[in-house]
Amino acid sequence: MAFAYFPHTEEDIREMLGKIGASSLDELYSDVSPEFIFKGEFDLPEAMSEMDIRRRFSEMAGRNRSLTVFCGCGAYDHYSPAVIAPLISRAEFLTAYTPYQAEVSQGTLRYIFEYQSMITMLTGLDCANASMYDGATAAAEAMMMSLACTRKKHRVLLSRTLLPQVMEVVETYAGYHGVELGYVSEDKGATSLESLREQLAAEDVAGVLVPSLNRYGIIEDLEGFADAVHARKALLMVYSDPSSLAVLRTPGEWGADIACGDCQSLGLPLSFGGPYAGYLACRQEFVRKLPGRIVGRTVDMDGRRSFVLTLQAREQHIRREKATSNICSNQSLMALYVTIYLSLMGPEGMREVNSLSYGGAHYLHDRLLGTGLFEEAFDRPFLKEFVLKTCLPVKELQQTLCDNGFFAALEVGEGLVSFCVTEKRTKEEIDALVSCVEAMKQHGNRSLRESDI
């Protein structure tokens with residue numbers, strides 16, 4: 001055989017080629033232009049022993065710099081209990097496929113059901129699904145869902161205070177689905193209710209997507225939003241950080257019809273950007289337009305509690321032309337991660353996470369203002385993330401902090417920088433970051449005195 005680990009023999013290959021009328025494997029690629037076919041030798045190292053391979057990869061991993069994270073913007077460095085990793089590493093979880101056969105998938109169906117139940121508790125809504133890829137695509141699915149639920153309306157409104165990556169993905173989906181987007185202006189860092197009412201006046205709006213915690217870390221006051229949206233027979237969608245919902249008003253309490261967001265803040269490691277998991281929840285009346293997987297609880301022929309996939313006829317593999325979504329990959333390993341995290345933390349643990357994050361963020365906020373190099377950008381409440389104006393060159397500030405081991409001061413506007421503090425950050429780490437900033441101030445004063453001379 002040409003490849004030692006391929007299962008097909010030379011005879012198997014000849015038989016398969018004969019079935020399709022091809023004389024060789026090369027003929028399978030005859031439609032590919034020669035300029036795109038690699039003809040050189042692969043730059044691969046020689047074979048190594050196991051010890052040499054481990055040494056090699058350790059050396060490569062050592063090139064990465066481990067920075068202390070003081071940034072957020074949708075991905076947060078929250079603590080992840082040590083027990084989760086070995087549990088989700090069990091083989092039956094790692095190879096999980098969509099559990100269509102309930103008879104042999106009760107374990108997978110159960111934890112998806114528990115995940116959905118926990119999401120409904122956090123959001124204050126009736127139903128939730130599983131298998132959203134991340135928060136941004138969950139928001140895009142919410143947009144499509146609002147159009148499917150309202151019909152005959154073609155426009156969706158986005159708040160300007162949504163996370164930029166969420167807006168970009170929603171805009172991409174809208175562009176390829178022919179959805180018209182409108183934008184609700186911000187007022188002093190928060191979504192403007194007056195701007196929303198002006199946009200709704202056209203009577204063509206299917207849904208409105210606003211954040212709970214916005215791109216500046218501000219806690220949005222959504223009082224009156226649901227009334228304004230529902231008066232025009234549109235749906236209110238709220239994008240929320242689910243960790244914060246342990247202490248903030250839920251989308252359900254704000255009167256939202258649909259809630260979406262990213263579960264990364266529920267213990268999922270940053271992992272250089274993924275994999276994460278999105279969530280999508282809604283009121284009972286809209287459940288038939290909810291994409292993805294929905295697990296329901298029932299009883300078997302002996303009356304024992306059991307679990308099954310429900311309402312799956314909407315999915316593209318059965319009714320492609322009528323599908324509301326193309327969500328098909330099973331993201332349940334990340335849903336399991338979130339389920340274990342929430343089970344371990346419980347309501348008290350979640351409140352403590354937010355309390356520690358709140359205390360640390362406000363401590364850093366006040367310390368930075370005390371340096372005289374920052375000033376308030378928005379006089380609004382925040383939880384764990386905030387934005388300040390700075391008189392320092394932002395690139396220089398970022399580089400100085402990075403050189404001292406900190407990933408911080410994310411630029412979110414002209415002269416505006418964002419900081420985030422989670423329960424993992426200690427007082428000593430916060431003080432060390434502030435010391436770096438103060439050193440920049442002293443260096444600047446020194447340079448000024450030298451230039452005067």
Side-chain angles (χ1 to χ4, degrees), residues 64-84 213 216-219 241-248 264-271 341 344-392 394 396-412 416-445:
N64 291 324
R65 290 196 62 198
S66 181
L67 301 178
T68 302
V69 178
F70 279 93
C71 282
C73 201
Y76 304 97
D77 190 25
H78 282 292
Y79 170 70
S80 180
V83 69
I84 301 179
L213 280 178
Y216 306 118
I218 292 170
I219 302 170
D241 170 357
S243 176
S244 72
L245 295 179
V247 294
L248 299 182
Q264 186 279 327
S265 63
L266 299 177
L268 289 173
L270 290 172
S271 300
Y341 173 86
L344 291 169
M345 302 300 287
E348 184 177 343
M350 292 296 293
R351 284 192 291 269
E352 184 176 358
V353 164
N354 283 278
S355 176
L356 292 170
S357 300
Y358 178 93
H362 284 75
Y363 176 68
L364 175 59
H365 171 271
D366 294 345
R367 287 292 319 270
L368 289 173
L369 289 178
T371 66
L373 299 172
F374 298 86
E375 60 181 86
E376 287 281 14
F378 310 106
D379 185 19
R380 292 184 182 271
F382 63 91
L383 181 59
K384 61 187 174 187
E385 193 170 10
F386 59 90
V387 169
L388 296 175
K389 293 179 183 177
T390 181
C391 60
L392 295 168
V394 174
E396 183 180 336
L397 171 62
Q398 292 173 337
Q399 189 59 56
T400 298
L401 292 173
C402 183
D403 291 343
N404 285 275
F406 298 106
F407 179 51
L410 186 69
E411 188 170 21
V412 295
L416 299 179
V417 289
S418 172
F419 294 87
C420 179
V421 181
T422 67
E423 77 282 8
K424 286 180 66 175
R425 300 286 73 86
T426 65
K427 181 178 181 295
E428 291 74 20
E429 289 171 334
I430 295 172
D431 289 339
L433 183 149
V434 175
S435 295
C436 291
V437 174
E438 289 174 334
M440 290 184 68
K441 180 179 181 180
Q442 293 169 4
H443 177 74
N445 290 339

For [X], side-chain contact (heavy atoms from CB on, under 4.5 Å) partners two or more places apart:
{"X": "Cys73", "answer": "Leu163, Pro164, Gln165, Glu385, Leu410"}
{"X": "Thr400", "answer": "Glu396, Asn404, Met440"}
{"X": "Leu344", "answer": "Pro81, Val83, Ile84, Ile340"}
{"X": "Ala75", "answer": "Gln264, Leu270, Tyr276"}

- Message: Any heavy-atom pair between the side chains of Leu213 and Leu248 that's under 4.5 Å?
- Response: yes
Going by salt bridge (charged side-chain N to carboxylate O under 4.0 Å, His left out), name the residues that satisfy it together with [X], two or more places apart in sequence or in a different chain.
{"X": "Glu376", "value": "none"}
{"X": "Lys389", "value": "none"}
{"X": "Arg380", "value": "none"}
{"X": "Glu429", "value": "Arg425"}

- Please name all residues satisfying ring-ring contact (aromatic ring centres under 6.0 Å, His included) with His365, sequence neighbours left out, ordered by chain then number. Phe382, Phe386
- Message: Can you tell me if Phe407 has over 12 outside heavy atoms packed within less than 6.0 Å of its CZ?
- Response: no
How would you list, by chain and number, every residue that makes a side-chain hydrogen bond (donor to acceptor under 3.5 Å, both in side chains) with [X], sequence neighbours excluded?
{"X": "Asn64", "value": "none"}
{"X": "Glu423", "value": "His78"}
{"X": "Gln399", "value": "Asp403"}

[X] (side chain) donor-acceptor with [Y] (main chain) under 3.5 angstrom:
{"X": "Ser355", "Y": "Arg351", "result": "no"}
{"X": "Thr390", "Y": "Leu416", "result": "no"}
{"X": "Arg367", "Y": "Ser435", "result": "no"}

